[in-house]
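Everything below concerns the one structure shown next.
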Protein chains: 2
Amino acid sequence: MDMQLEHTDLLPSLPVFDGVGRVHLAWLASVARRLSLKRGETLFEKGQPVQFLYILLNGHIKLAVPAGHGQEKILEFLKPGDAFGESVLLPDHRWIATAQALFPCKLLALSLSDLATAVERSPAFGLRLLANVSQRVETQFMDQESGALRNAVQRVAEYVLRQPKVGNQARFLYHKRAIASRLGLQPETFSRSLKQLVTDGLITVQGARIVIHDEDALQAMVA
Amino acid sequence: MDMQLEHTDLLPSLPVFDGVGRVHLAWLASVARRLSLKRGETLFEKGQPVQFLYILLNGHIKLAVPAGHGQEKILEFLKPGDAFGESVLLPDHRWIATAQALFPCKLLALSLSDLATAVERSPAFGLRLLANVSQRVETQFMDQESGALRNAVQRVAEYVLRQPKVGNQARFLYHKRAIASRLGLQPETFSRSLKQLVTDGLITVQGARIVIHDEDALQAMVA
DNA sequence: CGCCTATTTGAGCGTCGTCAATCCAGGTGG
DNA sequence: CCACCTGGATTGACGACGCTCAAATAGGCG
């Protein structure tokens, strides 16, 4: 199968390319670098110069800052359709966090000049990028709110509710250790908080599997 | 003095309009609504639909979420040149926080259609907006990092270092209560943390005035 | 089947939040 | 010009939530 066509076909399904004309998409697909990452592979590290805007087509990536003793604080989980590295627009900018693949990834990389040309040719693409990063700011705000206003059990309940559900079932996509870090908790505290929800009869947990018994009570807990 | 010309002249001095052609600036100035806020006045409240992208020309605004018992958690201090409300691009979006003037403000408001037209006419403006919001994401990341990795005294030291200094002098622009909220601390804890820095001989504080005696030690404290 | 890592569980402690009282500064009016 | 007054800031005492250290258990992958 033609690699280039494969990627071109993938593009229209991502919201970040909504409303971007076919011809512009083709141009994007032609100039953008294509990258693949294996699970665990590092895309960039804190301190390196920002050279590209990345668009994640496939897979999951964590953005994290090292915290000594082999610890880290996870700032964000990146999902397909997410764009990151807009700070390529800021002069002499360096990454403030490290990006590492949690699952095998495919992504596009746009250099600063390609990004500028792309927005020049397709202002709609510029607006899509703006909407995307705007969404990320809002997510950060909600995280800040949760971190400041809610306790450990409430934050865990909130996280469970946000997971995609089929019926009343859900799964932890990432390691519990990683989720704990994302929520600003120690793994031990995360474990105890989950146990609390189980003890209260709101959920049951088996490994990465979650069954939600009382969604309303979970909602009430975070409100 | 002509109000419109006054604002038009103000625009080129803000980084967010760098590289945006004179003619586009004039167009922006002609279509954008102009707003003034008195100290304490509310621009929008949590839950209201997002109708405009705002660009702060002058003054300071706080973005905060109410937290019950008349409390609030301040998410961000907005300064001249900051743009906010890019989420006007997201469908059916509502404000997740309240905006209130901390000082008298002047600002521009762009409707969704005006924003789209502006980026259409001047892709450079789109890139500037992207850079601006990108900067805000990074600030959020650094806040998350501080909140997770540093204790109260370290966060206060970090905040002091970030204030604009003349010689070894600086000032708290906002009420300590507000700064505490921004740092994710109670006013009492903020006060005690400042006292700690004073006791250690790193700074002295009189009301809103700060004198920095040992900047290196402050830096070392947050590293 | 066995190793290695992730997760869970337990015990103890420290930081920060809560509640309450006091202190202080800036603004107002006599 | 000074006394008052009001809201912010400070200080103290105490408790709780989440962190740290340590050990046991479970789970995944070769």
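Just so it is clear: chains get the letters A, B, ... in the order the sequence lines come, proteins before strands, and each one is counted from 1. The model shown is predicted, which means the values in this text are computed figures rather than measured ones.
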Using C1' atoms of five pairs at each end, report the bend of the helix from C:dC1-D:dG30 to C:dG30-D:dC1 rounded to 10 degrees. 50°
Decide whether B:K106 and B:S36 meet the rule of one side-chain donor and one side-chain acceptor closer than 3.5 Å. yes
Between B:E158 and B:R162, does any side-chain N to carboxylate O distance fall below 4.0 Å? yes
Which of residues 139-152 of chain A have a heavy atom under 4.0 Å from DNA chain C? none
Can you pull out every side-chain hydrogen bond (donor to acceptor under 3.5 Å, both in side chains) where at least one residue sits in residues 205-219 of chain A? Sequence neighbours excluded, please. none
Compare all side-chain heavy atoms of B:L43 with those of B:L107 and state whether any distance is below 4.5 angstrom. yes
Starting at NE2 of A:H69 and ending at P of D:dC19, how long is that distance when rounded to a whole Å? 16 Å
Could you work out, with ring pair (Phe, Tyr, Trp, His ring centres under 6.0 Å) as the rule, every residue matching B:H60, not counting sequence neighbours? B:F103, B:Y174
Is it true that B:K46 and A:E145 make a salt bridge, defined as a side-chain N closer than 4.0 Å to a carboxylate O? yes
Got more than 12 heavy atoms from elsewhere within 6.0 Å of CZ, A:R150? yes
Does anyone know the first and last nucleotide of DNA chain C in reach of chain B, 5' to 3', at under 4.0 angstrom to a heavy atom? C:dC16 to C:dA20
Every protein N/O within reach of nucleotides 9-16 of chain D N/O, cut-off under 3.5 Å:
unit_1, atom_1, unit_2, atom_2, d
D:dA9, OP1, B:K176, N, 2.9
D:dA9, OP2, B:R177, N, 3.2
D:dT10, OP1, B:K176, NZ, 2.9
D:dT10, OP2, B:S191, OG, 3.2
D:dT10, O5', B:S191, OG, 3.1
D:dT11, O5', B:K195, NZ, 3.4
D:dG12, N7, B:R192, NH1, 2.9
D:dG12, O6, B:R192, NH2, 3.4

